[in-house]
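Each remark here refers to the structure printed beneath this line.
For this chain, numbers begin at 1 and follow the sequence in order.
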Amino acid sequence: MKRISFIGGAWARRGAGASILLFAASLLTGCIDEYEADITADDSNLLVVEGTICSSAQNRFTLSRTQAINSTDSPRIVTGASLSVRGTDGSQYAAQAGDGCYTCQVGQLSPEVDYYLHIETDGEVYESEPQKPLPTEKIADVRGVQDTPQSSIDVLITPETPFAPGQANYYSWTYDETWEVRPDYKTVMYFDTDIMEPVYKDIYHFPERGWLDAAGTTVAVGASTNYADQHIEDMKIYDLGRGDERVYYRYSGLVHQRAITKAEYEYELARRQASTEMGGLFTPLPSALPTNLRCLTSQKRVIGYVGCSLNTSDYRFFLNSEELSLDRHSGGDSRLWVANPTMDDCAQMVAKGLYLCEWLTPEMSGDGRLQTAWAYIFQLDVRERYKGAYIEEPDFWSLKENVSY
């Protein structure tokens, strides 16, 4: 399974008759002909819907509009729309707008009821196809595998035995990350500008480590059709480079698994092709993508696919640096070394915001000179170095084993 990277926000599109595509008409002659895309005005300004209906969760939906492929504008986010998740039993959950998206807290969905997304915007009404929420199996295992000392770390997943053994099963996976960070250098001394001397005492108490969180940058989908007994085993969903700072110490991934329909799986594959090959002669236009959304008030087309899940399964796994072959890039000692500074020179270093790290007397330095090393705060404090690192250890960091939720 290759990495799947999707375009967020509005889909890039050509305006009517606005773009000229060049392609190789003949590999034998090498001739280049001009091809004008036959795209009508109806293909522009299409509504793009992204999001999933999930039981007992806060659902998040984004609405945007397509724009020209050569546009440099930011995605055209749709504001002022009315959204709600509805059930054929009369249940309804209204969404609230904020931060460029729409969120609504959905209660416990019934496996016997069909649910759909209802949208009202710009005088039009859109709805997704009603569907029963799909149950999702738990995740049996997620692990990181490094085939050779020089290879990346592949993250492999194995769901538990499917609810429908012997039948094709389809899944979507996303993930969140947490990893440990450490400062470039440490110091347990400082230069006292009152007495104009170095003092061996840790007065700064810079944290020895911190943590960073991030949402995964890729979405993976998979089908069981090529696996024995229709049971996916050790499928790659993403990877980490051996020189990636995220795996320098300890890394944790929280994988989210959701069962999806064959139609949603095919939509995601088509979306990947359109997003990675946009502009190719044989690439499907966004408006030609499969969708389960329709406009009830006109013939306007809409882009997107709204799935419906009874639950999402999670699995937390860990990677420990001592079990991997890593490539820690070293740029050498980046501290500022100053030889034979006067005490006034040292005071000026402090005034410039530098911190004393080393004080090697002539006897200690080996070259008969006083040697001093200085660093900036971002080299000593992970909070400054990473602009977002926190130093309170996550609750799950003490776990020694992977956990399935």
Side-chain angles (χ1 to χ4, degrees), residues 6-13 41-68 71 73-134 172 174 215 219 256 258 260-261 263-264 267-268 271 275 286-312:
F6 295 141
I7 294 177
W11 285 86
R13 289 287 283 112
D42 292 338
D43 284 328
S44 62
N45 201 38
L46 299 181
L47 180 67
V48 182
V49 181
E50 295 179 275
T52 301
I53 300 172
C54 292
S55 180
S56 303
Q58 179 167 277
N59 293 189
R60 182 179 185 273
F61 302 95
T62 58
L63 305 182
S64 56
R65 294 283 182 182
T66 55
Q67 52 190 336
S71 173
D73 296 336
S74 300
R76 296 174 54 199
I77 301 301
V78 175
T79 60
S82 174
L83 272 75
S84 60
V85 172
R86 300 182 178 185
T88 53
D89 62 347
S91 58
Q92 184 171 323
Y93 305 94
Q96 303 296 320
D99 297 328
C101 68
Y102 300 82
T103 59
C104 66
Q105 184 65 40
V106 172
Q108 179 65 46
L109 302 182
S110 169
E112 306 302 324
V113 174
D114 290 346
Y115 297 90
Y116 58 96
L117 182 65
H118 179 89
I119 305 168
E120 297 180 17
T121 181
D122 296 332
E124 304 283 5
V125 178
Y126 302 85
E127 286 185 352
S128 64
E129 179 183 343
Q131 55 188 311
K132 289 182 173 59
L134 282 176
S172 171
T174 59
V219 177
H256 313 287
R258 185 172 63 86
I260 61 177
T261 62
E264 184 174 355
Y267 165 77
E268 296 291 5
R271 185 164 78 146
S275 66
S287 58
L289 292 174
T291 180
N292 69 341
L293 290 143
R294 63 191 180 99
C295 183
L296 304 183
T297 49
S298 72
Q299 297 300 312
K300 288 188 176 180
R301 283 172 286 183
V302 58
I303 298 172
Y305 198 103
V306 177
C308 188
S309 298
L310 191 61
N311 66 293
T312 300

Looking only at heavy atoms, the pair that brings T103 and C101 closest together is CG2-SG, 4.0 Å
Check whether T121 reaches the backbone of A81 with its side chain - one donor and one acceptor, N or O, closer than 3.5 Å. no
Within a 6.0 Å radius of atom CD on Q299, are there more than 12 heavy atoms belonging to other residues, nucleotides or ligands? no
Check the pair F61, V85 against side-chain contact (heavy atoms from CB on, under 4.5 Å), reporting the backbone distance first and the verdict last. CA-CA 11 Å; F61 302 95; V85 172; 4.0 Å; yes
Between T52 and S309, is any pair of side-chain heavy atoms under 4.5 Å apart? yes
One should read off an interatomic distance between S128 OG and R86 CZ, to the nearest 0.5 angstrom, of 11.0 Å
State, yes or no, whether a side-chain contact exists between L83 and L63 at a heavy-atom distance under 4.5 Å. yes
Does any N or O in the side chain of Y115 come within less than 3.5 Å of the main-chain N or O of S110, such that one atom is a donor and the other an acceptor? yes
Nearest-0.5 Å distance that lies between atom CD in Q131 and atom CD in E264: 7.5 Å
Taking atom CD1 of I119 and atom SG of C295, what is their separation to the nearest 0.5 Å? 10.0 Å
Which atoms form the tightest heavy-atom contact between S56 and Q105, and what is the distance? C-NE2, 4.1 Å
Where is the tightest heavy-atom contact between G307 and R258, given as atom of each residue plus distance? CA-NH1, 4.2 Å
If you take all heavy atoms of T312 and C54, which pair is closest and at what distance? OG1-SG, 4.2 Å
Please say which of K300, R294, E120 ends up in a side-chain contact (heavy atoms from CB on, under 4.5 Å) with Y126. K300
Quick check against the 3.5 Å criterion: does T291 have a side-chain atom that pairs as donor or acceptor with the backbone of L293? yes
Compare all side-chain heavy atoms of N59 with those of I53 and state whether any distance is below 4.5 angstrom. yes
P111 and P133: which non-hydrogen atoms are nearest, and at how many Å? CA-CG, 4.1 Å
Counting only pairs under 3.5 Å, give me each side-chain donor-acceptor contact of residues 90-98, with atom names and distances, residues two or more places apart or in other chains.
from: S91; atom 1: OG; to: D89; atom 2: OD1; distance (Å): 2.7

Please list, chain by chain and in numerical order, all residues satisfying side chain to side chain donor-acceptor pair (under 3.5 Å) with E127, sequence neighbours excluded. H118
Heavy-atom nearest pair, L289 first then I303, reads CD1-CG2, 4.3 Å
Would the distance check show the side chain of T66 and the main-chain N or O of N45 forming a donor-acceptor pair, the cut-off being under 3.5 Å? yes
Salt-bridge contact R65-D122 (side-chain N to carboxylate O under 4.0 Å): yes
Could you tell me the separation between the NZ atom of K132 and the CG atom of L109, rounded to the nearest 0.5 Å? 12.5 Å
Pairwise distance OH(Y267) to OG1(T261) - rounded to 0.5 angstrom: 12.0 Å
Report the distance from atom CG of L47 to atom CD of E124, rounding to the nearest 0.5 Å. 10.0 Å
